Protein chains: 2
Amino acid sequence: MKEMKIDNIGDFLKSKNIKPSFQRIRIFEYLMNSIEHPTVDEIYKALIGEIPTLSKTTVYNTLNLFIEKRIVHMVTIEENEVRYDADVSDHGHFKCDICGKVYDFKANIIELDTDLSESFIINQKDIFFRGTCPSCSKKN
Amino acid sequence: MKEMKIDNIGDFLKSKNIKPSFQRIRIFEYLMNSIEHPTVDEIYKALIGEIPTLSKTTVYNTLNLFIEKRIVHMVTIEENEVRYDADVSDHGHFKCDICGKVYDFKANIIELDTDLSESFIINQKDIFFRGTCPSCSKKN
DNA sequence: ATTTAGATTGTAATGATTACATTTTTATTA
DNA sequence: TAATAAAAATGTAATCATTACAATCTAAAT
Ligand SMILES: [Mn+2]
Ligand SMILES: [Mn+2]
Ligand SMILES: [Zn+2]
Ligand SMILES: [Zn+2]
């Protein structure tokens, strides 16, 4: 879930040099209001009722465009499928190995101390934790 | 590449409650001596010459067992395929978006400041950076 | 109205991973 | 040792996410 509310998604897309087609607006809106980092399949299933002509390929194309324009991040914490996130601010992801749910958390990635030399150009920083979430550990 | 050298892989596997079959020893040895975080396919192709009866399924089964026993980590920085790492110490991965190479780097993950509550049980911490590596940025 | 670029779609292909049944090897016990 | 049981290894086929590619549609520009 993107924290900063965007009032007009069409204008926002235009400001990023993306033509705001109906499908693109709805896909971004859905992603922006999701908390669960949906997969392509989940996005497709959520919108096919409202946009009966939507194809999965369009969802793929749109998300790849959003990633290229840096308004969406790929989340690869899952092994076999990619998830997407409209919150491109620095934050970490926690995946519960029991229930599979993915949680956001704040992390001070900028101050993280590494031995990477200056000559590495860093475009994206991701932090993934795995373990057991509070609600799953309570059940034991 | 695992920094701490293991002199006898059979004994090491036994100490982790893993029966040291020939295939398991060779797969772990290959992973331990690799620097490139190989995929299942790369491991299979590297060993099929020496072990002509090896099947890809065995590589999958073996790696899943190693992960369960916590002597190998999954590296999901790639979108469509999982990579594996016999170095289970805390370190980060940098993927070059140009040449696709994956680099290790040291990172002080333990001191990373997060707002995750105490009730999250963390089993694994991963840090992934993306960008352009020095040798690729030199070419521009 | 014509042209052109971009947007959308569908079909088929690819490629990673898993399910499952079978065979082989190893360990245990009579 | 021989019989039995458990674990390891294998192969085939299925599943599923993703991509390639060609075709169609839309909307803006001339
Ligand atoms: Mn997130
Ligand atoms: Mn590594
Ligand atoms: Zn959980
Ligand atoms: Zn590079």
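No hydrogens, no waters, no symmetry mates; every other heavy atom, side chains included, goes into these values. Owing to the predicted nature of the structure, the values given are computational and were not obtained by experimental measurement.
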With sequence neighbours excluded, what pairs up with [X] under the side-chain hydrogen bond (donor to acceptor under 3.5 Å, both in side chains) test?
{"X": "B:Thr58", "value": "B:Ser55"}
{"X": "A:Ser117", "value": "A:Ser119"}
{"X": "A:Arg26", "value": "A:Glu29, A:Glu50"}

Between [N] ([atom2]) and [X] ([atom1]): distance, integer Å:
{"X": "B:Arg83", "N": "C:dA16", "atom1": "CZ", "atom2": "P", "result": "11 Å"}
{"X": "A:Glu42", "N": "D:dC16", "atom1": "CD", "atom2": "C1'", "result": "14 Å"}
{"X": "B:Glu81", "N": "D:dC16", "atom1": "CD", "atom2": "P", "result": "21 Å"}
{"X": "B:Phe28", "N": "D:dA8", "atom1": "CZ", "atom2": "C1'", "result": "19 Å"}
{"X": "B:Tyr44", "N": "C:dG15", "atom1": "OH", "atom2": "C1'", "result": "15 Å"}
{"X": "A:Ile43", "N": "D:dA17", "atom1": "CD1", "atom2": "C1'", "result": "14 Å"}
{"X": "A:Met74", "N": "D:dT18", "atom1": "CE", "atom2": "P", "result": "10 Å"}
{"X": "B:Asp41", "N": "C:dT14", "atom1": "CG", "atom2": "P", "result": "15 Å"}

Spell out, yes or no, whether A:Phe129 and B:Val75 are grouped together once hydrophobic residues are joined by side-chain heavy atoms under 4.5 Å, including indirect joins. no
Among C:dT17, D:dG11, D:dA17, the nucleotide that comes nearest once only the side chain of A:Tyr60 is considered: D:dA17
For residues 120-135 of chain A, the salt bridge (Lys or Arg N to Asp or Glu O under 4.0 Å) pairs (sequence neighbours left out) are A:Glu79-A:Arg130, A:Asp97-A:Arg130
Would you list the pairs meeting salt bridge (Lys or Arg N to Asp or Glu O under 4.0 Å) in which at least one residue belongs to residues 57-73 of chain B, sequence neighbours left out? none
Distances for protein N or O near nucleotides 3-8 of chain C N or O, under 3.5 Å:
| unit_1 | atom_1 | unit_2 | atom_2 | d |
| --- | --- | --- | --- | --- |
| C:dA7 | OP1 | A:Arg24 | NH1 | 2.7 |
| C:dA7 | OP2 | A:Arg24 | NH2 | 3.4 |
| C:dT8 | OP1 | A:Ser21 | OG | 2.8 |
| C:dT8 | OP1 | A:Gln23 | OE1 | 2.6 |
| C:dT8 | OP2 | A:Ser21 | OG | 3.3 |

